[in-house]
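Just so we're on the same page: letters track the sequence lines, and every chain starts at 1.
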Amino acid sequence: MQLIDKLSVLADAAKYDVSCASSGAPKRSSKGKSGLGATDGMGICHSFTPDGRCVALLKILLTNFCLYDCQYCVNRRSSDVPRARFTPEEVVSLTLDFYRRNCISGLFLSSGIIRSADYTMEQLVRVARLLREEHEFRGYIHLKTIPDADPLLIAEAGRYADRLSVNIELPTETSLIRLAPEKQVVTIKHAMHTIHQGETEASAEKRAPRFAPAGQSTQMIVGADSTDDSTILQTAQSLYGSYRLRRVYYSAFSPIPHSPNTVPFAAPPLMREHRLYQADFLMRGYGFNASELLSGPGNLALDIDPKLAWALAHRDQFPVDLNRAEPMMIARIPGIGMLSAKRLVDLRRHKRIRFEDLTRLRCSLEKAKPFVITQDYRPSLAGHESAMLRQHLRDTPAQLALW
Amino acid sequence: MLTVRFDGSFQEWRNRARALLQSQVAPHEVSWAGGNESAGLFEEPLPTPANESGQRIRVPRQLLDELEMAARYRTEHRWSLLYRVLWRVNQGDSSARMVGDIDGSELHGRIKAVRREAHHLHAFLRFRPLQTSDGPQHVAWFEPAHDVLPWAAGHFAERMGGNSWLIATPEEGVCWDGQGIYYTRPCPTQWRQLAQNAADPGGELWKAYYESTFNPARLNRGVLENNLPVRFWKNLPEGMLIPQLMSRARAGAQRDGQAERVAAKNGKRIGRAAEQAD
């Protein structure tokens, strides 16, 4: 098979993994050195595909041959897809060529399980070692960890990679047993623990070699089973707590060719995925708890964002006086983000906050209006029942129809 | 109205602005003409060179950085806002450089646009390898919306190490020979031709990757155009693929996520005892 054909097959096979982060790596530079590549911690999206996702890394599988039969996965053993396999050297030369062209910031390498978990993991590590040691590549490397692999191999991967990830794929054990018979929650969590331990040990000792400095992440597939958003967010929260994950990615299940009967025929609304990302962001950045965002079983509202939903359910805490409130409470006002909250607090050291200041900070005025008090403005509370407000503030149906 | 003509560089603007501040010339009394900009209908030459030995002007160090950054923003009258902010801060009104202020908001809006354009340069510039033995190993053509090139190009020296490269734009050019960086304005014609006409036999691989990594079941034109503005498409190798990938996906030929060229190939199931399968 020609290299270009392999690339088509193995990029297509890898695209269902939605992680694209290339941030968080330590600062590295090749200026005045042999070799290639730099990172500055920020990450760069070098392109965007028509599905709106960014291309920051060359995201491919080493091979899409796979012994596992995960029902939601296009590469499952019983799937009738074209199969291909790169040699490690081919992956290395593609990475370096695309990097020199400034098409990518690095490599995100994953693989189907071939021969054994250890063999597969060894191959992935070999690619990273070739890049780092033979070619002095200083760009970003993200390796997908094979959960059952020997912890020593995972430790080796952590020395070469900026980021490691283990996909949990499904939010509950029952779903995993039903849809991914060869995978086990316990080994996935064990791998996450090994990575977390590697990070902790490396950061405890100053001169220890770096270990996955950009941390670890995971992915959950949404809509391949009947799990609700509440369970998904609780799972995410416990993963953040237990293993200090940098990110949990949510991937709306994509229908795959010759889909088995065990998974749905249609994709969930992409808006559901979007709401989960918003909720996740509120947990990581705004100090929200999963149970605050969804107090019981069920899904996040599709027509309003989770912060607005929370505010409508907690009218007793509003309106908030921008000239007095704590910064964290200001950031909880719908339409006002963390950055604007900080700027408002800076600004009020110089002057009293007026309503027009929100315009200059480009806050979403419509959303914020019923929830704020400023020097010259106070919302008229009469006639603003939460249900009415929701009618008024909900996203337009045009956006909702994203299927 | 005084007219200040200068070469359009920030350094020179700074010298002029300092002299004007020392002579107590208010912002509404000055019109700025940097480079080949015109100052408007009522041009009057500056009467006397300002007195350099006057009182020293003291402004926060950070303000200078902000003004220099905002100066890269291409717009008519780019210098008058900068002088107004400088004037107000010098008068003790530090809110002039805050986002909540009417001038400060404009200043930071420009800084933000300049940073964004530098980011675009780092992201959407594409090098092509040159096959010649002398001259740069990689060349790129880029059309920035603001004057970010000399400031932003250092990024590529860190990325490319000892590999030499050249970037040409409609106004400026910059090159790196593996050791040092050279900036020139205007951009030499020869550089422009080199960058715009470089043949690229190996370019197909990237396009194949781009095609396959797109999930047609998730078409989302709005997000794409927001992040990758249409003005960049024509200079990106994958740019010409975008309309055709979108229309193919919209035509409903692909209800699942697989790329057409992959779906067209023969597939293969793998047996349970598949050690030999790879």
Highest number of heavy-atom pairs under 4.5 Å with chain A among B/Gly203, B/Ala263, B/Ala264 belongs to B/Gly203

Closest non-hydrogen contact found for B/Arg261 with A/Ser8 is NE-OG, 3.2 Å

As an exercise: rank A/Ile4, A/Thr359, A/Leu347 by heavy-atom pairs under 4.5 Å with chain B and give me the winner. A/Ile4

Could you report the tightest heavy-atom contact between B/Leu245 and A/Pro50, atom names first, then the distance? CB-CG, 4.1 Å

If you tally heavy-atom pairs under 4.5 Å against chain B, which of A/Leu361, A/Ile353, A/Asp357, A/Asp5 wins? A/Asp5

Contact winner vs chain A - B/Leu205, B/Asp200, B/Leu125, B/Val223, heavy-atom pairs under 4.5 Å: B/Leu205

Donor-acceptor pair between B/Glu238 and A/Ser47 side chains, under 3.5 angstrom: yes

Residue part contacting chain B, namely of A/Glu273, when any heavy atom lies under 4.5 Å: side chain

Pick one of side chain, backbone, both or neither for A/Cys66, based on which atoms fall under 4.5 Å of a heavy atom in chain B. backbone

In terms of heavy-atom pairs under 4.5 Å with chain B, the winner among A/Ala14, A/Ala38, A/Pro82 is A/Pro82

Got more than 12 heavy atoms from elsewhere within 6.0 Å of NZ, B/Lys112? no

Might you point out which heavy atoms bring B/Ser94 and A/His350 nearest each other, and give the distance in Å? OG-CE1, 4.1 Å

Honestly, the part of A/Ser105 sitting under 4.5 Å from a heavy atom of chain B is both

Would you indicate whether B/Met240, at its atom CE, is surrounded by more than 12 heavy atoms from other residues, nucleotides or ligands within a distance under 6.0 Å? no

From the list B/Ala208, B/Ser105, B/Ala157, B/Gly104, the residue making the most non-hydrogen contacts under 4.5 Å with chain A is B/Ala157

Between A/Arg360 and B/Glu106 (salt bridge meaning N to carboxylate O under 4.0 Å), is one present in this structure? no

Under a 4.5 Å heavy-atom cut-off, does chain B meet the side chain of A/Lys27, its backbone, both or neither? side chain

Residue pair B/Leu224 / A/Thr49, side-chain heavy-atom distance below 4.5 Å: no

Would a 4.5 Å heavy-atom cut-off, applied to side chains only, mark A/Ser30 and B/Glu158 as touching? no

Could you tell me whether the side chain of B/Ser212 and the main chain of A/Asp12 form a donor-acceptor pair under 3.5 Å? no

A/Cys45, part contacting chain B, at a heavy-atom distance under 4.5 Å: backbone

Name the region of B/Phe156, side chain, backbone, both or neither, that has any atom closer than 4.5 Å to a heavy atom of chain A. side chain

Applying a strict 4.5 Å limit to non-hydrogen atoms, the region of A/Ala252 in contact with chain B is both

In terms of heavy-atom pairs under 4.5 Å with chain B, the winner among A/Ser116, A/Ser79, A/Gly32 is A/Ser79

Portion of B/Met160 that has a non-hydrogen atom of chain A nearer than 4.5 angstrom: both

Are the side chains of A/Val55 and B/Tyr209 in touch, meaning some heavy atoms are under 4.5 Å apart? yes

Using non-hydrogen atoms and a 4.5 Å limit, figure out which bit of A/Leu344 sits close to chain B: side chain, backbone, both or neither. neither

Nearest-0.5 Å distance, CD1 of residue B/Ile181 to NZ of residue A/Lys31: 6.5 Å

Chain B: which of A/Leu94, A/Ile44, A/Asp346 shares the most heavy-atom pairs with it under 4.5 Å? A/Ile44

Are the side chain of A/Lys33 and the backbone N or O of B/Gly161 linked by a donor-acceptor pair below 3.5 Å? no

Proximal component of B/Trp165, with respect to chain A [non-hydrogen, under 4.5 Å]: neither

Taking all non-hydrogen atoms of both residues into account, name the closest pair between B/Asn215 and A/Arg53 and its distance. CB-NH2, 3.9 Å

Name the region of B/Pro237, side chain, backbone, both or neither, that has any atom closer than 4.5 Å to a heavy atom of chain A. neither

Chain A shares the most heavy-atom pairs under 4.5 Å, among B/Asn266, B/Leu241, B/Leu228, B/Asn227, with B/Asn227

Heavy-atom check, side chain of B/Glu225 versus side chain of A/Phe48, under 4.5 Å: no

Taking atom CD1 of B/Ile102 as the centre, report whether more than 12 heavy atoms of other residues, nucleotides or ligands fall under 6.0 Å from it. no

Please check if atom CZ in B/Arg231 has more than 12 non-hydrogen atoms from other residues, nucleotides or ligands closer than 6.0 Å. yes

Is it the side chain or the backbone of B/His108 that comes within 4.5 Å of chain A heavy atoms, both, or neither? neither

Are more than 12 heavy atoms, taken from residues, nucleotides or ligands other than B/Lys265, located less than 6.0 Å from that residue's NZ atom? yes

Just give me the residue among A/Gly37, A/Cys103, A/Ala11 that pairs up with chain B most often, heavy atom to heavy atom, under 4.5 Å. A/Cys103

Mind listing the closest non-hydrogen atom pair of A/Asp51 and B/Thr213 along with its distance? OD2-O, 4.2 Å

Hey, are the side chains of A/Arg101 and B/His138 touching, using non-hydrogen atoms and a 4.5 Å cut-off? no

Has the side chain of A/Asn102 got a donor or acceptor atom that lies under 3.5 Å from a matching backbone atom of B/Phe124? no

Quick one: does B/Arg269's side chain have a donor or acceptor within less than 3.5 Å of a partner on A/Ser78's backbone? yes

Hey, mind stepping through A/Val81 and B/Val262 against side-chain contact (heavy atoms from CB on, under 4.5 Å) and telling me if it holds? CA-CA 8 Å; A/Val81 289; B/Val262 174; 6.0 Å; no

With the side chain counted from C-beta on, respond yes when B/Arg159 and A/Tyr99 share a heavy-atom pair under 4.5 Å apart, and no when they do not. yes

